[in-house]
Amino acid sequence: MHKYRTHNCSELNKNNLNELVTISGWIDTKRDHGNLLFIDLRDNYGITQCVIDAKHKKFNEISALNLESVITVIGKVIERSEDTVNKSLSTGFIEINIDEYNLLSQSLTLPLPVNSDIDYGEDVRLKHRYLDLRRNKLHKNILLRNKIISSIRKKMNDRNFIEFQTPILTSASPEGARDYLVPSRIHKGKFYALPQAPQQFKQLLMIAGFDKYFQIAPCFRDEDSRADRSPGEFYQLDFEMSFVTQEDVFESIEPVLYEIFEENKNYSKDKECTVSQYPFPKIPYIESLEKYGSDKPDLRNPLIINDFTEIFKNSNFKIFSNKISEGAIVKGIIVKNSEEKPRSFFDKLNLWAQNEGAPGLGYINYYENEFKGPIAKNLSKDQLEQINLSNGDSVFFICDKIKYAQQFSALVRDKLCNEFNLLESNAFKFCWIVDYPMYELDEKTNTIQFSHNPFSMPQGELESLNNKNPLDIKAYQYDIVCNGVELSSGAIRNHDPEIMYKAFKIAGYSKKFVEENFSGMLNALKYGAPPHGGSAPGIDRIVMLLADEPNIREVIAFPMNQQAMDLMMEAPAKVDKKRLDELGIILVDKN
RNA sequence: GCGGGAGUAGUUCAGUUGGUUAGAACGCCGCCCUGUCACGGCGGAGGUCGCGGGUUCGAGUCCCGUCUCUCGCGCCA
């Protein structure tokens with residue numbers, strides 16, 4: 001018989017009755033009845049109940065073992081009596097009658113319980129991540145992550161994408177987030193950078209003629225963390241394709257995402273869940289800001305933001321009309337069936353808006369064919385009817401300069417969705433945000449800047465760069481959004497050096513600057529480059545969505561904390577002076 | 001860098017307008033218990049109330065400073 005196991009902890013059942021088996025695992029739970037002891041033995045696959053009674057010569061020894069000690073149990077599979085079956089376990093019809101056991105590894109008293117999923121302080125969890133990872137929820141999340149990644153790999157391979165590895169030690173990118181730097185020993189005073197994404201490499205692979213690239217790519221960015229943004233590193237399904245239009249990119253990745261979500265949609269949901277059918281809706285960037293106040297709209301929220309500036313422009317409601325004459329706009333959100341809400345509900349919303357920094361939240365109710373509420377009397381019948389309310393509707397107004405009106409409208413949209421319980425929670429709703437502007441105006445310097453990726457192809461190519469107002473030029477630049485989470489951005493790339501020089505010139509960069517900073521890429525484009533484009537959905541965020549976890553650390557095996565420290569490995573750490581000398585680095589004490 | 005929340009037993013938390021010896025649950029230790037599966041029962045140990053200062057007859061509680069964790073803003077081509 002095998003030294004450690006003939007079966008794992010989930011596979012024994014009635015078919016194995018009376019077999020002598022060996023299983024190994026962790027002591028998940030002990031139930032000590034004095035003269036009878038139950039041990040739930042746990043491994044990656046499941047739990048098997050083992051039982052021993054006081055007549056056994058090792059009864060006292062085994063009773064004394066700490067939880068999470070690792071043991072091997074040898075014993076006979078016996079049937080449980082009908083009244084002692086545990087239907088919540090796959091092995092619940094049987095148990096192992098312990099003949100012999102071996103202690104493989106003892107456990108000290110635990111700093112956190114493994115056999116329960118109750119919430120624990122993150123520093124304790126991160127310091128003892130190996131224990132945290134044994135716990136059911138996190139263990140399952142990591143298995144889900146594996147399932148998703150292996151499924152992605154298969155789907156991409158099946159679609160003739162070729163998997164690559166690209167350098168981890170590379171050069172710093174002058175645009176974008178802060179880089180992690182690695183000092184060079186051989187070239188003192190020079191630094192490698194960890195890639196923020198394999199952006200240039202995947203484009204170079206297209207230029208090298210590989211046609212379709214993908215990678216489960218680690219990306220490193222030295223940014224401050226958020227609940228959905230782990231400091232240090234994260235993973236993308238990075239892909240790129242040659243000889244494609246934007247539509248081709250969409251059509252290639254939509255079925256992959258759809259299938260991944262279909263396969264795993266019920267992992268965290270009790271109810272049957274729906275996934276957007278492809279093709280996913282495409283929302284132009286400007287329209288998204290107008291209708292949702294955001295470029296990552298949560299389409300599970302049915303509320304739409306309307307523009308009512310024209311109605312208020314010439315109204316007697318001076319607060320709004322005066323602001324409009326100073327350049328403000330009026331946004332409004334119509335909510336149905338608000339009649340049951342008491343007056344205090346509207347007052348509370350107003351107070352909420354003030355706490356959020358707005359002057360208030362004006363509203364009109366249309367109940368019993370009458371317009372009510374503090375603003376209604378300031379509008380003419382004609383103006384009120386243009387709002388287009390049905391009986392039982394309320395409309396809430398936001399009036400501010402366009403940028404702030406959009407931002408606050410998005411907040412109000414979320415708030416109303418919560419208050420009226422409108423969110424379609426058992427759904428994964430995708431959309432593309434398309435037609436991002438190529439350039440934007442920097443408010444501080446009043447200069448034209450790239451609004452997104454400088455290597456995206458402008459729509460209309462050289463002709464629009466030459467002839468259009470830069471602020472009117474759109475790029476072949478797109479994001480994919482699911483349930484209000486930005487999964488990725490992508491683009492059709494600029495593969496023409498002439499267009500690139502011109503695009504950078506508009507943003508104030510000389511030909512010399514482009515040549516000095518992007519020489520590798522630029523040279524490659526001069527030897528025959530195919531038109532190409534791609535995108536890079538975030539793997540961690542996909543797993544987060546499917547696991548229904550609000551925090552990205554719940555889907556990463558070994559995440560850093562918010563201060564970008566690994567509490568278990570104690571990184572970052574000081575290094576010996578000798579190592580610094582080798583690298584030519586002298587530390588400066590800033591105090 | 002900035003703002004919100006939190007920090008009390010190994011752990012998760014409670015702790016009233018400042019007032020006796022700071023509590024509960026889980027875990028740990030001891031005793032009892034042969035059908036539990038969150039086993040149960042009895043008993044016990046375990047605390048610099050994050051740290052430093054201040055107000056007060058008296059501070060877990062109020063004030064100031066500081067540190068840590070967390071959420072957000074800035075940042076994220």
Side-chain angles (χ1 to χ4, degrees), chain A residues 28-42 47-56 59 63-64 66-68 78 80-89 91-92 95 97 107-128 131-132 136 172-179 195-197 199-200 219-231 234 355-357 407 411 436 438-440 449-456 475 477 486 489-491 493-494 503-504 507 509 517-518 536 538 550-553 561-563 565 567:
Chain A
D28 187 75
T29 318
K30 286 192 298 181
R31 290 176 295 280
D32 186 349
H33 293 241
N35 290 311
L36 182 73
L37 172 71
F38 296 100
I39 288 178
D40 286 345
L41 202 64
R42 185 197 71 243
I47 282 180
T48 301
Q49 175 167 285
C50 305
V51 63
I52 186 170
D53 80 19
K55 293 179 199 114
H56 196 289
F59 179 80
S63 296
N66 278 348
L67 295 183
E68 294 305 310
I78 53 177
R80 297 204 203 180
S81 66
E82 217 170 279
D83 55 326
T84 62
V85 162
N86 183 347
K87 285 182 180 153
S88 60
L89 289 181
T91 58
E95 62 196 2
N97 194 25
S107 172
L108 299 172
T109 299
L110 297 168
L112 78 168
V114 169
N115 60 14
S116 110
D117 271 329
I118 61 166
D119 223 6
Y120 259 70
E122 282 228 83
D123 33 353
V124 178
R125 292 179 55 199
L126 291 173
K127 182 163 182 193
H128 304 279
L131 294 178
D132 201 19
N136 188 45
S173 49
E175 299 283 332
R178 208 175 287 113
D179 292 300
Q196 297 184 24
Q199 180 64 37
Q200 294 196 51
C219 303
F220 305 89
R221 295 179 193 176
D222 188 359
E223 305 165 307
D224 287 336
S225 77
R226 291 290 182 274
D228 65 350
R229 202 169 72 194
S230 187
F234 61 95
N355 283 335
E356 295 290 335
Q407 276 176 9
L411 272 183
Y436 273 83
M438 187 78 191
Y439 301 100
E440 65 190 8
Q449 295 195 331
F450 289 112
S451 70
H452 232 77
N453 185 332
F455 303 112
S456 300
Q477 166 89 40
E486 182 192 319
S489 63
R493 321 298 171 185
N494 186 344
F504 272 88
Y509 298 100
N517 285 278
F518 309 108
N551 193 301
I552 201 163
R553 293 186 290 272
N561 70 2
Q562 192 165 27
Q563 312 318 316
M565 296 186 295
L567 299 177

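The figures here come from the full heavy-atom set of this structure, side chains too, leaving out hydrogens, waters and symmetry mates. Quick note on labels: first sequence line is chain A, next is B, and so on, each numbered from 1.
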Kindly indicate whether the side chain of A:Arg31 and the base of B:rC33 share any N or O donor-acceptor pair separated by less than 3.5 Å?
-> no

Whole-Å distance, A:Leu126 CG to B:rU70 C1', equals 11 Å

Looking across every strand, which nucleic acid part, if any, lies under 4.0 Å from A:Asn551 by heavy atom: base, sugar-phosphate, or nothing?
-> sugar-phosphate

B:rA24 to B:rC31 separation - P atoms, rounded to the nearest Å = 23 Å

To the nearest 0.5 Å, how far apart are CD1 in A:Ile39 and CG in A:Leu67?
-> 9.5 Å

Between the side-chain atoms of A:Gln563 and the base atoms of B:rU68, is any donor-acceptor pair under 3.5 Å?
-> no

For A:Gln199, answer base if it contacts any base atom (sugar-phosphate contacts may also be present), sugar-phosphate if it contacts only those atoms, and nothing otherwise; contact means non-hydrogen atoms under 4.0 Å.
-> base

Could you tell me whether A:Asp40 and A:Arg31 have a side-chain N and a carboxylate O separated by less than 4.0 Å?
-> yes

Using a 4.0 Å heavy-atom cut-off across all strands, classify A:Pro113 as base, sugar-phosphate, or nothing.
-> nothing

Using the P atoms only, state how far B:rU16 lies from B:rA22, rounded to an integer number of Å.
-> 15 Å

Rounded to whole Å, the CG-C1' distance (A:Leu67 to B:rG27) equals 9 Å

For atom CG of A:Leu89 and atom P of B:rC39, their distance in whole Å = 12 Å

Nucleotide nearest A:Asp32 when distance is taken to its side chain, options B:rU36, B:rU34, B:rC33 = B:rC33

Atom NZ of A:Lys30 with >12 non-hydrogen neighbours under 6.0 angstrom = yes

Ignoring hydrogens and angles, are the base of B:rC75 and the side chain of A:Arg229 linked by a donor-acceptor pair under 3.5 Å?
-> yes

Distance between P atoms of B:rC37 and B:rU20 (Å, rounded) | 41 Å

A:Ile78 atom CD1 is separated from B:rU36 atom C1', nearest whole Å, by 13 Å

A:Thr29 near the nucleic acid: base, sugar-phosphate alone, or nothing, with a heavy-atom cut-off under 4.0 Å?
-> sugar-phosphate

Interatomic spacing from CD in A:Gln562 to CZ in A:Arg553 - rounded to 0.5 Å | 6.5 Å

Measure from the side-chain heavy atoms of A:Asn561 and tell me the nearest of B:rC69, B:rC33, B:rG74.
-> B:rC69

Using a heavy-atom cut-off of under 4.0 Å over every strand shown, decide if A:Glu122 touches base, sugar-phosphate, or nothing.
-> sugar-phosphate

Gap between atoms CD and P, on A:Glu223 and B:rC75 respectively (whole Å) | 11 Å

For A:Phe38, answer base if it contacts any base atom (sugar-phosphate contacts may also be present), sugar-phosphate if it contacts only those atoms, and nothing otherwise; contact means non-hydrogen atoms under 4.0 Å.
-> base

Checking all strands, does A:Lys55 fall into the base, sugar-phosphate, or nothing category for heavy-atom contacts under 4.0 angstrom?
-> base

B:rU70 base / A:Arg553 side chain donor-acceptor hit below 3.5 Å = no

For nucleotides B:rG46 and B:rA14, find the distance between their P atoms and express it as a whole number of Å.
-> 24 Å

Nearest to the side chain of A:Glu95 - B:rC76, B:rC28, B:rG35?
-> B:rG35

Could you check which of B:rC75, B:rC69, B:rG35 has an atom nearest any side-chain atom of A:Asp123?
-> B:rC69

Can you find a donor-acceptor pair, distance only, under 3.5 Å between A:Asp83 side chain and B:rG35 base?
-> no

The residue, A:Val124 or A:Ala64, whose nearest nucleotide of RNA chain B is more 5′ is A:Val124

Heavy atoms under 4.0 Å, any strand shown: does A:Asn115 hit a base, just sugar-phosphate, or nothing?
-> nothing

Please state whether the phosphate of B:rG35, meaning OP1 or OP2, lies under 4.0 angstrom from any side-chain nitrogen or oxygen of A:Asn35.
-> no

Of the nucleotides B:rC76, B:rC33, B:rC71, which has the atom closest to the A:Ala177 side chain?
-> B:rC76

Between B:rC39 atom C1' and A:Ile39 atom CD1, what is the distance in whole Å?
-> 14 Å

Rounding to a whole Å, what distance do you find between A:His56:NE2 and B:rU34:P?
-> 18 Å

Of the nucleotides B:rC39, B:rG72, B:rC37, which one has an atom closest to the side chain of A:His33?
-> B:rC39

In Å, rounded to the nearest 0.5 Å, how long is the span from CG of A:Leu567 to NE2 of A:His128?
-> 10.0 Å

What does A:Val85 touch in the nucleic acid at a heavy-atom separation under 4.0 angstrom: a base, only the sugar-phosphate, or nothing?
-> base

Please confirm whether any donor atom in the side chain of A:Gln562 sits under 3.5 Å from an acceptor in the base of B:rG72, or the reverse.
-> no

By side chain to side chain donor-acceptor pair (under 3.5 Å), which residues pair with A:Glu95, not counting sequence neighbours?
-> A:Gln49

For atom C1', what is the distance between B:rC67 and B:rC26, given to the nearest Å?
-> 29 Å

Is there a Watson-Crick or G-U wobble partner for B:rU68 with both distances under 3.5 Å, and if so, which one is it?
-> B:rA6

Is B:rC49 paired to anything, Watson-Crick or G-U wobble with both distances less than 3.5 Å, and if yes, which nucleotide?
-> none

Hey, which sits more toward the 5' end of RNA chain B by its nearest nucleotide, A:Ala197 or A:Asp224?
-> A:Asp224

For atom C1', what is the distance between B:rC13 and B:rU17, given to the nearest Å?
-> 23 Å

Can you tell me how far C1' of B:rC69 sits from CE of A:Met565, to the nearest Å?
-> 9 Å

With sequence neighbours excluded, what pairs up with A:Phe234 under the ring-ring contact (aromatic ring centres under 6.0 Å, His included) test?
-> none

Is it true that A:Asp53 and A:Lys55 have a side-chain N and a carboxylate O under 4.0 angstrom from each other?
-> yes

